[in-house]
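A short worksheet on the structure shown next.
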Amino acid sequence: MFEALSSRLTGVFDKLRRRGALSESDVNDALREVRVALLEADVALPVVKELIARVRERAVGQEVIRSVSPAQQVVKIVHDALVEALGGGAGDDGRRGLDLNAPAPVPVLMVGLQGSGKTTTAAKIALRLRTRERRKVLLASLDVQRPAAQLQLAQLAERAGVTSLPIVAGEGPLAIAARAMDVARRELYDVVILDTAGRLAIDEALMAEAAAVKAATRPHETLLVVDAMTGQDAVNTARAFQEKVGVTGIVMTRVDGDARGGAALSMRAVTGAPIKLLGAGEKLDALEDFHPDRIASRILGMGDIVSLVEKA
Amino acid sequence: ARSTARLTEGITTLFRKRRLDDEALEELEETLIAADLGVAAARRIVEGFRRTRFGKEVTEEEVKAALAEEIAAILAPVARPMPIEPRRRPHVVLVVGVNGTGKTTTIAKLGQQYREQGLSVAFVAGDTFRAAAVEQLQIWGERVGCPVYAPARPGADAAGLAFDALKAAKEAGTEVLLVDTAGRLHNKAALMEELRKIVRVLKRLDPEAPHSVLLTLDATTGQNALQQCKVFKEMVDVTGLAVTKLDGSAKGGVVVALAQEVGLPVHFVGVGERAGDLRPFEARDFARGLLGLD
Ligand SMILES: Nc1nc2c(ncn2[C@@H]2O[C@H](COP(=O)(O)OP(=O)(O)OP(=O)(O)O)[C@@H](O)[C@H]2O)c(=O)[nH]1
Ligand SMILES: Nc1nc2c(ncn2[C@@H]2O[C@H](COP(=O)(O)OP(=O)(O)OP(=O)(O)O)[C@@H](O)[C@H]2O)c(=O)[nH]1
Ligand SMILES: [Mg+2]
Ligand SMILES: [Mg+2]
């Protein structure tokens, strides 16, 4: 998995004499390569810096275990640090997925930038809850911005075999949310998934609207839906949604692509919220559980890391 | 008051002279990396800068402006408008790209622009796959005054629809035909093959069609954009890009790496969700935006 980064690091260490322990300058050379690898995987710069600092601390002075090369050893330290930063490692209770442990109907709010995959993910979650957990789910679209957004969710709900809130033309997001909760209470739904319009982190009015919806419905989960291809802006997006709306979990979509997905690390670092689910396709069953070690491997090693690093 | 304070602070650091040393250059490199240029492109640009200006006393404002000019020079060759030849009746524009990048919205924006120029324009709702994609384009068509060729039933063959639409548009003497397609990831071979099929089928009616193949690229995309562009270009001969969602906080810096490594023309930038929110790509404005200059 980490062959590419390892061989690159082996190159760095080959120039050095074997010593008892990794010196500061050995580690610095290696960490320069790690930095490039992480940046090419779209981990945001401030997050890379923090991570590198943590790795440096752990790597300096480490005895080089005779059977393992220093390169492998640094890769392992980096990988472990990534896994921890992604929510795994010590202290990870292994619980993944949504927390729906609240009195029914449990509201779940979907938020994120335009086109990140909110509507599709809402339907995927609904399908999963219906089939795996036998929950009665209501889907409601609060998106009065994008043309045919409400119809999109209605069609997806039908495919998922769940009910969607009837569309009332001209109704605003807050009114739709209130109606959804009302219907859910009267008709004894277990979960209500509220899909919202895509919004930019810097759009004050729309961010305030999302906060108002949240205040009115008090969702048990507020999921920030982000595209796995997101670059450095992940930190700005995450910070804004966390500060202005508050998120309880992250869903990363389009992991079926070949992006390395460094945004997962950025988002997690900034919000502190766990990554709960992954979107891995356009079909409604393409929803996966999150495994910190797999994403860590992907960030470090998947794809053509050697040529990326060599071009640098 | 907070923003005023921040502004003043920004301006004072901006105007304080400082030696352009290693540390200062590293900060510049980081500014570029944080704007998604990628390590390689950021280094290349800052290294060029080091050779000519190292050790000079400069203000941050001067240094950023000069760096912006340098980047603008890299972008200038790709900053080109999308050529449209209405006499082709129709000039066919195929719009392609990864899911959710803004294809359908960009078609609406283009439709509005060409209508304002007095051209006859029609849309093809070639995304027969995604839920309510056809209806989305139909609503846009109504708003901007462009008729829409839609599939007879959901899930119909997109290539078949494109063929029928081009045939009808030829008969109607339509000047510009904008073809929407389903979003697809470049690493999905079967989906890319479907796109090639649309191109093949169009060529049966007009060997030169599609006359333009516009790839939409989301400005929030990081380094994966390079892969997207390379694969789409190879598979369907992309002729140019539209960079969408530049109204957000993402700066779209990967376009600089693209200019150097792929060299595709960049025609437009999308700056909002409304039909009027499309602008020509301007190298200088874009470069200054990357450095936080306006
Ligand atoms: N390949 C892939 N495509 C996805 C995934 N999730 C969503 N999509 C696609 O991405 C596009 C956008 O998805 P939507 O669910 O409409 O995104 P959204 O966030 O609701 O968009 P707005 O409401 O416009 O902000 C659609 O074409 C989806 O089919 C995924 O995990 N993988
Ligand atoms: N802020 C902003 N939003 C945009 C821009 N262009 C498109 N969008 C939004 O991005 C989302 C996706 O746009 P679409 O046009 O549906 O994207 P698409 O590529 O057709 O998506 P699929 O067909 O699902 O692959 C919608 O919510 C649009 O309103 C832009 O320039 N700025
Ligand atoms: Mg949506
Ligand atoms: Mg579309």
Above 12 or not: heavy atoms from other molecules or residues under 6.0 Å from CZ of B:Arg274?
no

Got a sec: does the CD of B:Glu27 have more than 12 other heavy atoms crowding it under 6.0 Å?
yes

Please look at B:Glu273 and chain A and tell me whether the side chain, the backbone, both or neither of the residue comes under 4.5 angstrom of a heavy atom of that chain.
side chain

Contacting region of B:Lys188 [heavy-atom separation from chain A under 4.5 Å]
side chain

Comparing A:Gly262, A:Ala148, A:Gly115, A:Pro147 against chain B, the one with the most heavy-atom pairs below 4.5 Å turns out to be A:Pro147

Most chain A-contacting option - heavy-atom pairs closer than 4.5 Å, from B:Thr104, B:Thr221, B:Asp218, B:Thr101
B:Thr221

Rounded to the nearest 0.5 angstrom, the CZ-CG distance for A:Arg56 and A:Leu51 is 11.5 Å

Region of B:Gln138 that comes under 4.5 Å of a non-hydrogen atom in chain A
neither

Sub-3.5 Å donor-acceptor pair from the side chain of A:Ser164 to the main-chain atoms of A:Ala157, do we have one?
no

After noting the C-alpha distance and the side-chain angles of A:Glu209 and A:Arg199, does the key distance pass the salt bridge (charged side-chain N to carboxylate O under 4.0 Å, His left out) rule?
CA-CA 10 Å; A:Glu209 180 204 271; A:Arg199 63 201 72 222; 3.1 Å; yes

In terms of heavy-atom proximity below 4.5 Å to chain A, should B:Val98 be classed as side chain, backbone, both, or neither?
side chain

Given a strict heavy-atom distance threshold of 4.5 Å, which part of A:Lys118 is in contact with chain B: side chain, backbone, both, or neither?
neither

Chain B heavy atoms under 4.5 Å from A:Ile202: which part of the residue, side chain, backbone, both or neither?
side chain

Top contributor to chain A interface from B:Gly248, B:Gly100, B:Ser249 [non-hydrogen pairs under 4.5 Å]
B:Ser249

Residue part contacting chain B, namely of A:Gln114, when any heavy atom lies under 4.5 Å:
both

Under 6.0 Å between ring centres: does that hold for B:Phe123 and B:Tyr149?
no

Is chain A contacted by the side chain of B:Gln227, its backbone, both, or neither, given a heavy-atom distance below 4.5 Å?
side chain

Heavy-atom proximity to chain B below 4.5 Å, by part of A:Asp203:
neither

Report the C-alpha separation of B:Lys103 and B:Asp180 in whole Å, then their side-chain angles, then the decisive distance to 0.1 Å, and conclude whether the salt bridge (charged side-chain N to carboxylate O under 4.0 Å, His left out) test is met.
CA-CA 7 Å; B:Lys103 293 173 291 300; B:Asp180 195 9; over 6 Å; no

Contact class of A:Leu113 relative to chain B, heavy atoms under 4.5 angstrom:
side chain

Quick one: what part of A:Leu151 sits under 4.5 Å from any heavy atom of chain B, side chain, backbone, both or neither?
both

Applying salt bridge (charged side-chain N to carboxylate O under 4.0 Å, His left out), run through A:Arg146 and B:Glu135 and close with a yes or a no.
CA-CA 11 Å; A:Arg146 168 173 165 172; B:Glu135 290 87 345; over 6 Å; no

Flag for B:Arg44-B:Gln260: side-chain donor and acceptor within less than 3.5 Å
yes

